[in-house]
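When a ligand or atom number is given, it counts from 1 through the structure's own listing order. Position 1 is the first residue of the sequence; numbering continues from there.
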Amino acid sequence: MQSGVRHLVSIDDLSLAEIQALFEHAKQFSTDLRAWSHLCPGLISASLFYEPSTRTRLSFESAMLRLGGGVLTAADMRSSSASKGESLADTVRVVGGSYADLIVLRHASEGAARLAAQYSPVPVVNAGDGSHEHPTQTLCDLYNLWIERGRIDGIHVVLSGDLRYSRTIHSFVYALARFGANIVCVPLPGFELPGYVMQRLREEFGVEPTRADVSRLGDLARECDAMYLTPQKPHQLSLFTDAKGLAVERVDALYMTRPQTERYTADELSRTRVVHLGKEEMAAESLREAVVMHPLPRRDEISPDMDSDPRSIYFKQAARGVPIRMAILGMLLNRIDLSAPGERVVQPMYPVTRGSNPCANPTCISRTESRHVTPSYRLASRAPVRAYCAFCSQELPHRWVGCSTTGLFHERDSPAARKIRPDHLVFLRDEADALGQGFAAAVRPTQPS
Ligand code: NCD
């Protein structure tokens, strides 16, 4: 496993100061995109795309070429050794060995970029891992907000569409919460933010969810159970006393997403509907000054008659993907100095030392590529003991935990469970699993009669 190389796997890998510094560099690059070919001559980036892409791959390749570097493209991994059964861990070791100085990876399994980063000798950029994260799209989206609105702190952003499977949304909400933006979720019914994302927002980023009164959003929110996610700050807390929900008065940005049908179950496919945004919906009072964003590709969620509306910035948004990705490449290849360390979100990661992989997500890389993965977890809380998979971020469903040193097992919300050192924890499905793994039941203190 490699160490000492900087990767961009999650939006958490960057401090807010570093993100701000990336914006400044991107802005400078955008003044003349053709003036920076002296920054990366002789360097090569490899695009490993196991899923389709237009914008992400081409904007990364354009960014690398504009910096004076070269690109290798494996855009259809079916024509690579992946179709002969080669593992991702082997592929990145080969490509990062001498072929390329940086790898841009898109993959269908959640956590794939985390795994690739463990094996790659060169920086890995997560260009989308399943429905998990898409940090560089988020940097592009934040950069757009910063350019259009001048700030991110305190602005009101409405997220609409499929919030459950959109990886762009997941990285985006984490970053918006850290920047102190107010987020209004207007999901397609049944496609709300996943529980594990909500939990992280609450527990790690101090976000307070409350009901949103979206009557002023008009038709856009008619069928939705809308939710306000507000960073906990004293001046905003006082607003939560309103039992009718926080009123969405003025929206700064409306971010649309398409239904991510490629990830749906048959049942979800049969329930798929589309939020539709057109001139009529945009006449809503609160949207008068909102910029309309979309990571693209769009299907029917934004009607073409919105394209000429000055509030629609989705094509500009895609164009700004080049300067921001020039900044990302420059940073990871040590060609620009960010001089802005700031605080990153650092959560220790513990390997699973006993038993089977506790992650229950069938599309997590820890399940799809089990030969090369050491299942690992991060702690979410100690009382009760709750943890999430270090690859896909989904919560481990186990209600029982064992201690690898005492050999005893406990219910995860018992006082004894809380005392187990994180690196001694063993996750157990049920009592039978605990006994099968050689754990003994802890003797419960007897109640005085
Ligand atoms: C997004 C993606 O791939 O997650 N596209 C992109 O990178 N611009 C959004 C999507 O496919 O809906």
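- Distances shorter than 4.0 angstrom occur between a heavy atom of P297 and an atom of ligand 1.
- Counting the atoms of ligand 1 from 1 in the order shown, those under 4.0 Å from a heavy atom of R258 are 10 (C), 11 (O), 12 (O).
- Ion pairing between a basic and an acidic side chain is recognised when a charged N comes within 4.0 Å of a carboxylate O; D162 and R164 show no such pairing.
- Between E51 and R263 there is a salt bridge, with a side-chain nitrogen of the basic residue lying less than 4.0 Å from a carboxylate oxygen of the acidic one.
- Using a 4.0 Å cutoff on heavy atoms, T56 counts as a contact of ligand 1.
- Salt bridge annotation for E133-R167: absent, with no cationic side-chain nitrogen under 4.0 angstrom from a carboxylate oxygen.
- A salt bridge links R298 and D307; the closest N-O separation between the charged side-chain nitrogens and carboxylate oxygens is under 4.0 Å.
- Between R200 and D12 there is a salt bridge, since a side-chain N of the basic residue sits under 4.0 Å from a carboxylate O of the acidic one.
- Shortest contact from atom 4 (O) of ligand 1 to any protein heavy atom: R167 NE, 2.8 Å.
- Among H134, R55, M256, the residue whose heavy atom lies closest to atom 7 (O) of ligand 1 is H134.
- Under a 4.0 Å heavy-atom criterion, E51 is not in contact with ligand 1.
- In summary, the atoms of ligand 1 found under 4.0 Å from a heavy atom of L296, numbered by their order in the structure, are 1 (C), 5 (N), 6 (C), 8 (N), 9 (C).
- In terms of N/O distances under 3.5 Å, ligand 1 is not approached by T168.
- Q317 places a side-chain N or O within donor-acceptor distance of the main-chain N or O of H294, the cut-off being under 3.5 Å.
- The ligand atoms of ligand 1 that sit less than 4.0 angstrom from a heavy atom of Q260 are 10 (C), 12 (O).
- Closest to atom 8 (N) of ligand 1 among all protein heavy atoms lies P295 O, 3.0 Å.
- Using cut-offs of 30° and 60° for the angle between ring planes, the Y377 and F427 rings count as perpendicular.
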